[in-house]
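Residue numbers run from 1 in the order of the sequence given.
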Amino acid sequence: MKKKSKIYLCLTIIIAVIYVALLTVLYFSESANANATIQTFGDALWYSLVTLTTVGYGDLTPTTPLGHAVGIVFLFLAAGIMMTLLGAAVSFITSEGVPLLMLGFQRNKNWYYFADYGAESNILAANIHRKDPDAVIIYGEKKR
């Protein structure tokens with residue numbers, strides 16, 4: 001498993017543990033209050049999903065101060081999730097979407113794709129460019 005994959009897996013597990021812990025805190029803080037609308041763990045889960053997806057029906061709302069604090073954390077997580085998704089979409093479009101779009105416009109030309117950007121691929125690309133100046137050459141990730 002690559003180092004980057006291990007980091008993503010660890011972060012996913014940490015976020016899942018934090019999420020379940022927040023749900024548990026929300027459930028126990030709200031279920032003790034007789035006036036609370038969040039009485040079951042399912043209610044807490046529903047409230048968190050509605051809040052994290054920014055739908056916000058308003059059918060379930062926390063009433064205790066600790067419940068409000070957990071709700072604020074869910075709101076900040078929702079903003080973080082939306083920004084992460086937007087960033088991932090923009091990153092994909094700029095790193096892979098634009099070269100694929102360029103290839104679509106250059107279908108009648110020869111094109112070459114190098115997965116890595118390094119000395120060997122630069123030499124090969126220069127040789128290709130010398131023989132075929134109209135060739136389209138696309139580089140993938142830069143080597144670390």
Side-chain angles (χ1 to χ4, degrees), residues 1-31 36-144:
M1 187 178 252
K2 291 182 180 179
K3 185 177 180 179
K4 191 185 274 188
S5 297
K6 286 181 183 179
I7 291 172
Y8 287 142
L9 179 63
C10 288
L11 283 174
T12 303
I13 291 170
I14 289 169
I15 289 170
V17 168
I18 290 171
Y19 176 68
V20 171
L22 286 170
L23 280 177
T24 305
V25 168
L26 180 64
Y27 166 67
F28 282 117
S29 69
E30 292 295 312
S31 65
T37 57
I38 300 172
Q39 290 295 322
T40 65
F41 194 79
D43 289 343
L45 179 65
W46 175 253
Y47 169 76
S48 70
L49 292 176
V50 167
T51 305
L52 286 172
T53 57
T54 66
V55 174
Y57 289 126
D59 56 345
L60 299 173
T61 56
T63 57
T64 63
L66 188 55
H68 287 148
V70 172
I72 289 170
V73 171
F74 283 144
L75 289 172
F76 284 133
L77 287 176
I81 290 169
M82 291 301 153
M83 290 300 110
T84 301
L85 291 175
L86 179 66
V90 169
S91 175
F92 173 77
I93 289 170
T94 57
S95 67
E96 296 179 21
V98 171
L100 290 175
L101 184 64
M102 287 174 45
L103 282 177
F105 291 131
Q106 306 287 335
R107 290 215 182 258
N108 58 347
K109 296 182 180 182
N110 293 327
W111 59 273
Y112 303 89
Y113 178 81
F114 296 103
D116 291 322
Y117 182 86
E120 297 89 7
S121 58
N122 278 342
I123 292 169
L124 187 55
N127 289 335
I128 291 170
H129 187 64
R130 245 184 267 124
K131 297 207 182 231
D132 186 6
D134 290 334
V136 176
I137 299 172
I138 299 173
Y139 292 99
E141 267 186 30
K142 186 174 182 177
K143 285 187 178 179
R144 301 200 191 287

If you take all heavy atoms of [X] and [Y], which pair is closest and at what distance?
X: Ser29; Y: Leu26; value: OG-O, 3.1 Å
X: Ile128; Y: Ala135; value: CG2-CB, 4.1 Å
X: Asp43; Y: Gln39; value: OD2-N, 3.2 Å
X: Tyr27; Y: Thr40; value: CD1-C, 3.4 Å
X: Glu30; Y: Ala36; value: O-CB, 3.2 Å
X: Ile137; Y: Phe114; value: CG2-CE1, 3.5 Å

Pairwise distance [atom1]([X]) to [atom2]([Y]) - rounded to 0.5 angstrom:
X: Thr37; Y: Leu60; atom1: OG1; atom2: CG; value: 5.0 Å
X: Leu9; Y: Ile14; atom1: CG; atom2: CD1; value: 10.0 Å
X: Thr63; Y: Ile38; atom1: OG1; atom2: CD1; value: 7.5 Å
X: Leu124; Y: Tyr112; atom1: CG; atom2: OH; value: 9.0 Å

Main-chain N/O of Gly118 paired with Ser121 side-chain donor or acceptor, under 3.5 Å: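 Confirmed, Ser121 side chain pairs with Gly118 backbone.
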Thr51 side-chain N/O to Tyr47 backbone N/O, donor-acceptor pair under 3.5 Å: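 Judged by distance alone, yes, a pair lies under 3.5 Å.
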Applying side-chain contact (heavy atoms from CB on, under 4.5 Å), can you list everything that pairs with Tyr19, at least two apart in sequence or on another chain? Leu23, Leu45, Ser48, Leu49, Leu52, Phe74
Would you call [X] and [Y] a side-chain contact if the rule is heavy atoms closer than 4.5 Å?
X: Asp134; Y: Asn110; result: no
X: Leu22; Y: Leu77; result: yes
X: Asn127; Y: Arg130; result: yes

What do you reckon, is NE2 of His68 surrounded by more than 12 foreign heavy atoms closer than 6.0 Å? yes
Whether over 12 other heavy atoms sit under 6.0 Å from Phe28 CZ: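 Check fails, neighbour count at 12 or below.
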